[in-house]
Asks: 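Input: one structure, supplied below.
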Amino acid sequence: MAQKPAIPKGTRDFLPNEVAKRTYLFESIKTVFKRYGFAPIETPSFELSSTLMGKYGEEGDRLIFRILNSGEKMRKADLEALANDNLPKFASSLAEKALRYDLTVPFARFVVQHQHELTFPFKRFQIQPVWRADRPQHGRYQEFFQCDADVVGSDSLLCEVELIQIFDDVLTHLNIPSFSIKLNNRKILSGIAEVCGEADRIIDLTVAIDKLDKIGEEGVLNELSQKGISDSAVEKIKPLFQFAGSNQEKLQLMRSYLANSEVGMKGIEELEYVMNIVDSMGLKRADLEFDLTLARGLNYYTGAIFEVKANNVNMGSICGGGRYDDLTGLFGLKGLSGVGISFGADRIYDVMTELNLFPASVTKGLKVLFINFGESEVSTCLTLARELRENDIDCEVYPSAAKIQKQMKYANDRSVQYVVLLGEEELKAKNLILKNMSTGEQETLDYGSFTTKLLSL
RNA sequence: GAGAAUGUAGCUCAGUUGGUUAGAGCGCUGGUUUGUGGUACCAGAGGUCGCGGGUUCGAGACCCGUCUUUCUCCCCA
């Protein structure tokens, strides 16, 4: 009984045409990263569980794919923990390794482990797949690619400016028609919590505020009360909803709101510095927006927080990032500040597909196909094909003397650009017919001028 | 992790209150055209109706389970 072919949920196969488009996407991102001085690194697909667990919060831990111990290692299973109903501990004893959940935490591990081989500030980029045991949905996969650029070892806000420019450069290059870079600062969120007198509830507070545009003002207030935030704090949150207008106006409002919070004012200062420089330099296409409800990745971000959304498309954020002052501290290296961004390649791909933004040249097919007329003609074709290849021209000789009609259809289906017809007559006359498949025009060439002609096309 | 929908030919989908041999368009194969594709005409192949149970004289249709995909929540790229 033949097995029905299938792949696990949330994973995908990529056909040649899709690979061509994905390659274009990755190359575009890579080119910009390099343009700003970032160098590529790679890390293993899986890490020790202990490296990843606990870095993404409770929810994150649940979504980490764990790798079951094999062979003798299975004996390490902590049956006592199972008996005591301590499932997390039992699970950890069963799985010592796990697939990476993002590229940032492995990078922090990498920096600490190789600190003596690196020169700081260290700028790296990394384009590799990550895995999450999430429920698949539109734009959500269990295996997807992240394209990260991070700077560690510098707390200069110029890094933030540079990363915003990279967002703008890449997405403009990819011709995304309209997108917004949203900017916030963890210190501002801390300031809000402080002003409300709920400094230790910052996560509940910001997670609720983050949903403003989704569930509305009332929804947020309800959620806050539900989470046990005091009424007086909720009262203090309310005015935030009225904060609208230009970035400068919002900054002004926040300045008075956070006047009594030292950390909050520090956040304002940082944000303003970054915005002012970006404004003075200008952005190509991006719309830079101070969004005080933006509260992603709270587990390790300490300063700037970024998120990018494509406008007029039904898709979650396509990029994210932020500053983390203490990520390497978790692996024993204190006082090293990092800031980074991540492009969600698969989501950007989906957006570009939806908006039909891939240039036609990306999926252009093979340059030349030699039609096979039979044994006596094909050897001349093989010689000519070899000559083309020596000149870096991609070509192919059809492997059998099938009907011309069938060979032409094959050329057509593969979007071949030019077809060479070299049959009995041409062989006798020592020439060939070169046919342009898109225009249908054809011309007769002698063997000597053939390669030169193709090099000019 | 919670809730809801979905699955019929390679693809997009019809299929009436359960009733004989399960349909269409596109695609595919062959021919019209033994040296010309993307347009036309003719013919043909292709389905254990996601998988496993159950109800029934009888199930593509109803019930249960399971998997996939999609949507909402959660979270996120």
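Numbered from 1 within each chain, the chains take letters A, B, ... in sequence-line order.
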Asks: Would you say a side-chain N or O of A/Gln405 is under 4.0 Å from OP1 or OP2 of B/rU33?
Replies: no

Asks: Over how many whole Å does the gap from A/Arg12 atom CZ to B/rU69 atom P extend?
Replies: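 Checked: the CZ to P distance equals 11 Å.
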
Asks: Check whether any side-chain N or O of A/Lys409 sits under 4.0 Å from OP1 or OP2 of B/rC28, and answer yes or no.
Replies: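 Answer yes for this pair, as a side-chain N or O of A/Lys409 is under 4.0 Å from OP1 or OP2.
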
Asks: I want to check one thing: is the phosphate of B/rU70, taken as OP1 and OP2, less than 4.0 Å away from some side-chain N or O of A/Lys9?
Replies: no

Asks: Side-chain contact, heavy-atom cut-off 4.5 Å: A/Arg109 with A/Leu48?
Replies: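 A/Arg109 vs A/Leu48: side chains apart.
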
Asks: Think A/Lys403 has a side-chain N or O under 4.0 angstrom from the OP1 or OP2 of B/rU33?
Replies: no

Asks: So which nucleotide does B/rC49 pair with, by the Watson-Crick or G-U wobble rule with both distances under 3.5 Å?
Replies: none

Asks: Between B/rC75 atom C1' and A/Trp131 atom CH2, what is the distance in whole Å?
Replies: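 Computing the A/Trp131:CH2 to B/rC75:C1' distance gives 20 Å.
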
Asks: What I want to check is whether an N or O donor and acceptor connect the side chain of A/Asn412 with the base of B/rG38 at under 3.5 Å.
Replies: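 Side chain to base: no pair below 3.5 Å.
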
Asks: Could you tell me the separation between the CD atom of A/Glu59 and the C1' atom of B/rA77, rounded to a whole number of Å?
Replies: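 After rounding, the reported distance stands at 15 Å.
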
Asks: What's the gap between B/rG52 and B/rA9 when it is taken at their C1' atoms, as a whole Å value?
Replies: 23 Å

Asks: Using whole Å, report how far OH of A/Tyr410 lies from P of B/rG38.
Replies: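 That distance rounds to 17 Å.
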
Asks: Any side-chain donor-acceptor pair under 3.5 Å between A/Arg386 and A/Asn391?
Replies: no

Asks: If we require ring centres under 5.5 Å and near-parallel planes under 30°, does A/Phe373 stack on B/rG35?
Replies: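 Not stacked by the 5.5 Å and 30° rule.
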
Asks: For nucleotides B/rG18 and B/rG58, find the distance between their C1' atoms and express it as a whole number of Å.
Replies: 8 Å

Asks: Using the C1' atom as the reference point in each nucleotide, state the distance between B/rA4 and B/rA22 in Å, no decimals.
Replies: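 One C1' to the other, the span is 30 Å.
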
Asks: B/rG37 pairs with which nucleotide, Watson-Crick or G-U wobble, both distances below 3.5 Å?
Replies: none

Asks: For A/Tyr56 and A/Asp102, test the side chains for any donor-to-acceptor distance below 3.5 angstrom and give the result as yes or no.
Replies: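 A/Asp102 and A/Tyr56 do have a side-chain donor-acceptor pair below 3.5 Å.
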
Asks: Return yes if the base of B/rC71 and the side-chain atoms of A/Arg135 contain a donor-acceptor N/O pair under 3.5 Å, otherwise no.
Replies: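 A donor-acceptor contact between them is absent.
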
Asks: For the pair A/Lys435 and A/Glu443, find out whether any cationic side-chain nitrogen is under 4.0 Å from an anionic carboxylate oxygen.
Replies: no

Asks: Using the C1' atoms only, state how far B/rG7 lies from B/rU68, rounded to an integer number of Å.
Replies: 8 Å

Asks: Cut-off 3.5 Å, side chains only: do A/Gln417 and A/Ser438 have a donor facing an acceptor?
Replies: no

Asks: Whole-Å distance between B/rG1 C1' and A/Ile64 CD1?
Replies: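 Taking atom C1' of B/rG1 as the reference, CD1 of A/Ile64 is at 16 Å.
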
